[in-house]
Student: 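Input: one structure, supplied below.
The analysis underlying the following values was restricted to heavy atoms, covering all of them including side chains, and did not include hydrogens, waters or symmetry mates.
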Amino acid sequence: MTNPLLELPDVEALPTVQEVAPGQLLRLQRPRNMRIRRAALVLLAAALTSTSLLGQTGPMAPSHTEVAETSSSSIGSSYIPVDSWIYTAALRLYYLGYLPTAYLGMRPWTRASLAYMLELSQDALQSVYAPPEAVEINARLRKELAPELNSDSKVYLRTATVYTRLRQIDGNILNDSFHFGQTIVNDYGRPDEPGFNNLTGFSAEARDGRFSLFVRSEFQEAPSAIGYSASVAAQLAAIDETPDVPQTTIPAGIIPSQTISRVVEASASAHIWGHEVSFGKSDQWLGPAKGASMAWSNNAENIYSFQINRVEPLYIPGLSRIFGLFRYDFMIGNLQGHQFPLDPWIHMEKVSMKVTPDIEIGFMRDVIWGGKGQKCAVPPTPDAIVPTCNVPINLRTFLRSFFSVTAPQPNIKFSPLNPGARFSTFDFTWRTPWDNHLITLYLDSFAHDNVFPISNLGRSGLRPGFYIARLPGLPRVDLRAEGVTTNVHDPESNNGRLLMWESVDVQGYTNNGYILGDWIGREATGGEAWVTWHTKPDQLIQLHYRQAKVADDFLPRGTTQNNLSLDFVLRPKRNLEVKASLQGEMWKAPMIATGQQHDVVSTIQLTYFVKQSR
């Protein structure tokens, strides 16, 4: 007997765009989006009206002098990959009220940075009032970061991990966050298709004084699959305003099997005055949420870039008396998979402020600019063919994009003087002081052609969320929930042509066909919830529900996804991690499939952590 609670709404029975008047369509879509926006406004108001006294309860906040002294070492340190178990343990410790200098909206952290955070929490963690779980997490992390805590300056080169992942996919999946959605998210843009998929890889690291190196490389296999039909591909190209030709953002026709070698991360860094100055590929997660980061996540393949990251908190006389300690980050690199125009670049700047140990505020701006074959005349109609030109990547065009803060006129936008596609984010985290930091509230937001989303929340994508550190009678079980929407109520938001898309850089906020930030994609609304039992600092059992719905004024008759997964992380031996996941999904996308579709994704990953011998 079918459980009616698990049945998806009948998308085919819903009125289509053609059957509904524009005003009525807006009313149909408004309730869920308005609930998310009201929640975001409540969270923002709570954070902005909370005083320093409310934000700074619990363990005494370290002074800026203590922070500077603790993190004064010039020894280099590699970044911790954002999918590492270390973040699960460290963030759990943060939510329990520790790690006063942890910046949730600026990850990855370096191993040394996390070691300094632990050092600044030692007095509180050694108190008789510290909960046993926090003490246990602290001990486990200190063992993992022992070389950094001991200021070990020895030169070393070693293999860090060796791993393999086996994945079986039964049923058709969604694999296109730029349009219909993704069944598997936040996975570095790895290839996954129905059938058996495998990846096997390793990571290695090296250090010599202030210099460090980290490499993670994989051998990836995925079976062949059938992409979109020619008619669907043509319709999507018309929506995106791209030529109807093969392109990474529209997987059409026969998708060949893949057997490839890919570098996931490869970063060479130098530690200079509290900064990591690096070249190569490294992870980014620039938001406080768990399900996704609006600005930048690991949903797409990492880009090759040059980065200057202030990895240690900075005290700025005068400003820090009001806004607390600062961190900032600058990155510039090239995007892959873009054809219209070809080979654009992106630069990103972010500043985060730790107003108190419990309140964090961050602002980010990035710009996609330059490239070959850019539209260089105002199109009389969206599908009109217009002359193209090349916008070189050089210092002049970079500075033009960097200092551009107003919307250019069409005669500038469609010319070699185009400053680029400008995107921005605002995020905040408030670890509430009551009941030993029981609840944490946070918000991530995303805007296109606004200086910052906070200036116009009604035109911005939003991901508000809350975290409850422990449930009644279950001190090691937490609950988290997040809502998300990019379906804004703005005249420009039609056919997916506002957030994560741009009239010149029409393949939008993507790298090799995957959304760089939030997997929710364009003109979509959804949410996620997690219940997690932290059995050990490096082991857990988690139940995760995810839902997404794409608006039907973007894709005819829309898309609906419902996804439920059960995840295990186990350590049968200290150096052996076993990750197992069983995920079931139901989805409807009338444009590409008739009726309700089902898929099941079974995954097991084995990771061996090579013992440190330095």
Student: For side-chain contact (heavy atoms from CB on, under 4.5 Å), just list the numbers for Val311 and Tyr79, CA-CA rounded to whole Å, side-chain angles, deciding distance to a tenth of an Å, and then say yes or no.
Tutor: CA-CA 10 Å; Val311 293; Tyr79 288 112; 4.1 Å; yes
Student: Would Arg431 and Tyr94 count as a cation-pi pair here, with the cationic atom under 6.0 angstrom from the ring centre and within 45° of the axis?
Tutor: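 Ring-cation test returns yes.
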Student: Of all residues at least two apart in sequence or in a different chain, which pass the side-chain hydrogen bond (donor to acceptor under 3.5 Å, both in side chains) check with Arg107?
Tutor: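 For Arg107 there are no side-chain hydrogen bond (donor to acceptor under 3.5 Å, both in side chains) partners, ignoring immediate neighbours.
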Student: Are there over 12 heavy-atom neighbours, none belonging to Lys536, within less than 6.0 Å of that residue's NZ?
Tutor: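 No.
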Student: Is the ring pair Phe398/His347 parallel, tilted or perpendicular, if the boundaries are 30 and 60 degrees?
Tutor: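 Perpendicular, since the angle between the ring planes exceeds 60°.
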Student: Among Asp366, Asp329, Asp427, which residue satisfies the salt bridge (Lys or Arg N to Asp or Glu O under 4.0 Å) criterion with Lys350?
Tutor: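 Among Asp366, Asp329, Asp427, the one meeting salt bridge (Lys or Arg N to Asp or Glu O under 4.0 Å) with Lys350 is Asp427.
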Student: Considering all heavy atoms of both residues, which atom of Val263 and which atom of Lys281 are nearest to each other, and what is their separation?
Tutor: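 Heavy atoms of Val263 and Lys281 come nearest at O-NZ, 2.6 Å.
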Student: Return the set of residues passing side-chain hydrogen bond (donor to acceptor under 3.5 Å, both in side chains) with Tyr467 (not counting sequence neighbours), or none when no residue passes.
Tutor: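 Counting only residues at least two positions away or on another chain, Tyr467 forms a side-chain hydrogen bond (donor to acceptor under 3.5 Å, both in side chains) with Arg92, Asp478.
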Student: Walk me through whether Trp109 and Tyr87 qualify under ring-ring contact (aromatic ring centres under 6.0 Å, His included).
Tutor: CA-CA 9 Å; Trp109 304 327; Tyr87 288 103; 5.4 Å; yes
Student: Sort and list the pairs that fulfil ring-ring contact (aromatic ring centres under 6.0 Å, His included) and have at least one residue in residues 266-294, not counting sequence neighbours.
Tutor: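 Passing the test, one end in residues 266-294: His275-Tyr328, Phe279-Phe306.
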Student: Any salt bridge linking Asp538 with Arg574? Criterion: basic side-chain nitrogen under 4.0 Å from a carboxylate oxygen.
Tutor: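 Yes, Asp538 and Arg574 are salt-bridged.
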Student: In terms of heavy-atom contacts, does CG of Asn575 have more than 12 from other residues, nucleotides or ligands at under 6.0 Å?
Tutor: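 Atom CG in Asn575 is packed in, count exceeds 12.
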Student: How would you list, by chain and number, every residue that makes a side-chain hydrogen bond (donor to acceptor under 3.5 Å, both in side chains) with Asn334, sequence neighbours excluded?
Tutor: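 Applying side-chain hydrogen bond (donor to acceptor under 3.5 Å, both in side chains) to Asn334 gives none.
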Student: Classify the ring geometry between Trp434 and Trp430 as parallel (under 30°), tilted (30 to 60°) or perpendicular (over 60°).
Tutor: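 Answer is perpendicular, since the angle exceeds 60°.
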Student: Listed by chain and number, what are the side-chain hydrogen bond (donor to acceptor under 3.5 Å, both in side chains) partners of Asn512, not counting sequence neighbours?
Tutor: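 side-chain hydrogen bond (donor to acceptor under 3.5 Å, both in side chains) list for Asn512, sorted by chain: Glu301.
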Student: Cation over ring, Arg262 on Tyr188, under 6.0 Å and within 45°?
Tutor: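 Arg262 over Tyr188 ring: no.
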Student: Listed by chain and number, what are the ring pair (Phe, Tyr, Trp, His ring centres under 6.0 Å) partners of Phe202, not counting sequence neighbours?
Tutor: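 Here no residue qualifies.
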Student: Could you tell me whether Glu119 and Arg142 make a salt bridge, using a distance below 4.0 angstrom between a side-chain N and a carboxylate O?
Tutor: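 The answer is yes: the pair qualifies as a salt bridge.
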Student: Tell me whether Glu528 is salt-bridged to Arg463, with the criterion being a basic N under 4.0 Å from an acidic carboxylate O.
Tutor: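 Salt bridge present between Glu528 and Arg463.
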Student: Determine whether the side chains of Tyr163 and Glu218 contain a donor N or O and an acceptor N or O closer than 3.5 Å.
Tutor: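 Judged by distance alone, the side chains do pair up.
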Student: Whether Arg216 and Asp83 form a salt bridge (side-chain N of Lys/Arg under 4.0 Å from carboxylate O of Asp/Glu) is what I want to check.
Tutor: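 Salt bridge flag = yes for Arg216 with Asp83.
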Student: Out of Trp501, Phe446, Trp296, which one pairs with Phe423 under the ring pair (Phe, Tyr, Trp, His ring centres under 6.0 Å) rule?
Tutor: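 When Trp501, Phe446, Trp296 are each tested with Phe423, the ring pair (Phe, Tyr, Trp, His ring centres under 6.0 Å) holds only for Phe446.
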